[in-house]
2 protein chains.
Amino acid sequence: MPQFRPFEPQELKFVASFKIGELVAETGMMLLAEGAHSAHLYTLLSGWAFRYKTLEDGRRQILNYMLPGDLLGLQGSVIGEMEHSIEALSPSVLCVFQRDRLDEVFRNHPGLGFDIAWLASREERMLDEHLLSLGRRSALERAAYLLAFLHERAKAVGLSAHGAITLPITQVHVADTLGLSVVHTNKTLRKLADRQLIRWLDRTCQVLDVAGLKALSGWDGLPERRRPLI
Amino acid sequence: MPQFRPFEPQELKFVASFKIGELVAETGMMLLAEGAHSAHLYTLLSGWAFRYKTLEDGRRQILNYMLPGDLLGLQGSVIGEMEHSIEALSPSVLCVFQRDRLDEVFRNHPGLGFDIAWLASREERMLDEHLLSLGRRSALERAAYLLAFLHERAKAVGLSAHGAITLPITQVHVADTLGLSVVHTNKTLRKLADRQLIRWLDRTCQVLDVAGLKALSGWDGLPERRRPLI
DNA sequence: CGCCTATTTGACGTGTATCAACCATCGTGG
DNA sequence: CCACGATGGTTGATACACGTCAAATAGGCG
């Protein structure tokens with residue numbers, strides 16, 4: 001069975017034989033577009049990204065965020081067509097794989113196949129919690145949950161630069177994640193800032209009190225589990 | 001690669017060697033509980049079920065619905081612990097597997113392993129659409145989307161009994177899926193009924209005009225794809 | 001300098017929640 | 001047999017969370 005090693009960003013690597021290149025992306029670059037039949041599959045080596053869907057009139061919903069070690073475009077690989085878009089939140093580096101060799105992975109590297117299922121299952125759990133958030137939490141609770149969530153994810157992949165973690169998102173991202181208007185999002189974030197839970201500066205967010213955010217939102221946090229490295 | 005056959009409910013079967021029993025459930029029975037470390041993994045052979053999460057104060061969010069052919073408890077099998085509960089919506093029959101033999105499936109039956117990843121990926125796509133719905137659709141659009149969605153899923157597994165499909169859900173289920181109060185859900189469903197899109201009778205819902213619901217919600221429908229049978 | 005994008009704030013409008021009834025159906029037990 | 005409570009659906013009055021509109025500030029960049 002697959003070995004679950006503690007996660008070390010610098011050791012991120014897919015089985016060498018499947019990697020066919022690297023891709024460097026700037027902030028704001030669209031990595032995968034809805035409807036695309038991409039021949040590729042990616043692992044995020046460094047940087048932040050997010051995936052989203054839009055309605056025809058332009059309303060946008062951010063579905064989840066991607067951090068180093070996350071698989072991008074698996075859905076397109078398994079199903080054949082992307083049903084969401086992916087955009088870089090920061091300068092990023094991606095490891096590129098050949099999509100049509102996925103069956104080979106499952107056939108010849110069962111451990112890796114299991115790892116992929118593991119990652120898909122993990123994504124599912126995150127989406128479940130997001131759904132609970134959108135459906136049943138208030139604006140303040142939702143915002144607290146999201147920031148705690150992003151903070152924990154960043155911490156889990158060792159993204160704390162000298163102690164502090166800054167989230168490279170704007171309030172528009174927060175609004176489109178929480179299903180709120182930008183104006184109300186701003187007022188909600190202000191309340192969190194007034195309570196000394198977060199600080200917003202220079203287009204980024206600093207989490208000052210994760211425990212406080214978790215308590216406010218009623219979220220338990222990410223379970224401490226070893227994850228597979230793809 | 002796995003063979004994707006057209007779906008026939010009566011041919012539902014897991015590889016014989018992994019099945020260890022059957023479970024018959026009544027409406028309302030909890031099949032899997034949040035926090036459980038179940039030693040089992042299930043396939044729904046017949047009936048409807050749904051999975052949900054709750055906040056500490058009792059607020060409930062339904063995450064998705066399960067129909068014949070769907071895998072239950074995969075998350076618990078891959079991750080180790082269930083983070084949502086599952087309840088039967090109708091009398092149901094489940095096929096039971098041994099959870100700890102999942103690695104064996106991946107090792108010795110790569111096609112099945114791929115199928116499991118395929119199903120996980122499909123679940124992810126559904127959750128994505130639900131998130132878009134909760135975050136960015138109005139109550140009326142959300143309701144239209146949900147009923148069209150359930151109708152299409154039921155049709156896809158051949159659940160149309162002599163032409164008509166009835167959804168075995170109450171308005172409380174709809175409310176807890178859409179993130180609305182029961183009262184407002186009722187008023188919203190009434191609008192759909194007034195427009196001749198649905199009919200509500202005897203604790204079930206009949207979809208009269210799927211196309212109308214899809215147009216109203218701006219939803220494209222489930223892509224027509226062959227799915228693997230587990 | 002001027003034009004972006006991002007954030008902030010106030011006034012006002014509305015979608016949805018809450019509260020409170022009421023009705024219908026159904027299973028149960030006296 | 002009826003009385004009864006429990007569940008599910010319906011409806012109106014009222015409250016509030018959040019959306020929309022409008023305007024202003026601040027920084028980045030050509």
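What you see is a predicted model, and the numbers here were worked out from it, not measured in a lab. The sequence lines fix the lettering, A, B, ..., with proteins before strands; numbering per chain opens at 1.
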Check the pair A/His130, A/Ser133 against side-chain hydrogen bond (donor to acceptor under 3.5 Å, both in side chains), reporting the backbone distance first and the verdict last. CA-CA 5 Å; A/His130 293 348; A/Ser133 215; over 6 Å; no

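Residue B/Gln171 has no polar side-chain atom (N or O) positioned under 4.0 Å from OP1 or OP2 of D/dT7.
Rounded to whole angstrom, the span from the CG atom of A/Leu134 across to the P atom of C/dT16 amounts to 14 Å. Remark: P of D/dT7 and CH2 of B/Trp200 are 18 Å apart, rounded to the nearest angstrom. One interatomic measurement links the two molecules: CG of B/Leu178 to C1' of C/dA17, which rounds to 15 Å at whole-angstrom precision. Between the C1' atom of D/dT20 and the CZ atom of B/Arg136 lies a distance of 13 Å, rounded to the nearest Å. One atom, CG of B/Leu180, and another, C1' of C/dA17, lie 10 Å apart when rounded to the nearest Å. Taking atom NE2 of A/His173 as the reference point, atom C1' of C/dT7 lies 14 Å away to the nearest angstrom. In this structure, B/Arg142 places its CZ atom 9 Å from C1' of C/dT16, rounding to the nearest Å. In this structure, A/Arg199 atom CZ and C/dT7 atom P are separated by 16 Å, rounded to whole Å.
Under the 30°/60° scheme for interplanar angles, the aromatic rings of A/Tyr52 and A/Phe50 are found to be tilted.
Residues A/Leu189 and A/Trp200 are in side-chain contact: their nearest non-hydrogen atoms beyond the backbone lie under 4.5 Å apart. A/Tyr145 places none of its side-chain heavy atoms less than 4.5 Å from the side chain of A/Lys214.
Checking B/Arg99 against B/His40 by side-chain atom types alone, no donor-acceptor pair falls below 3.5 Å.
Among the heavy atoms of the strands lying under 4.0 Å from B/Gly179 are primed sugar atoms or P, OP1, OP2 only; no base atom is included.
A salt bridge does not link A/Glu56 to A/Arg59: none of the charged nitrogens lies less than 4.0 Å from a carboxylate oxygen.
For the segment residues 181-191 of chain B, residues with any heavy atom less than 4.0 angstrom from an atom of DNA chain D are, sorted by number, B/Val183, B/Asn186, B/Lys187, B/Arg190.
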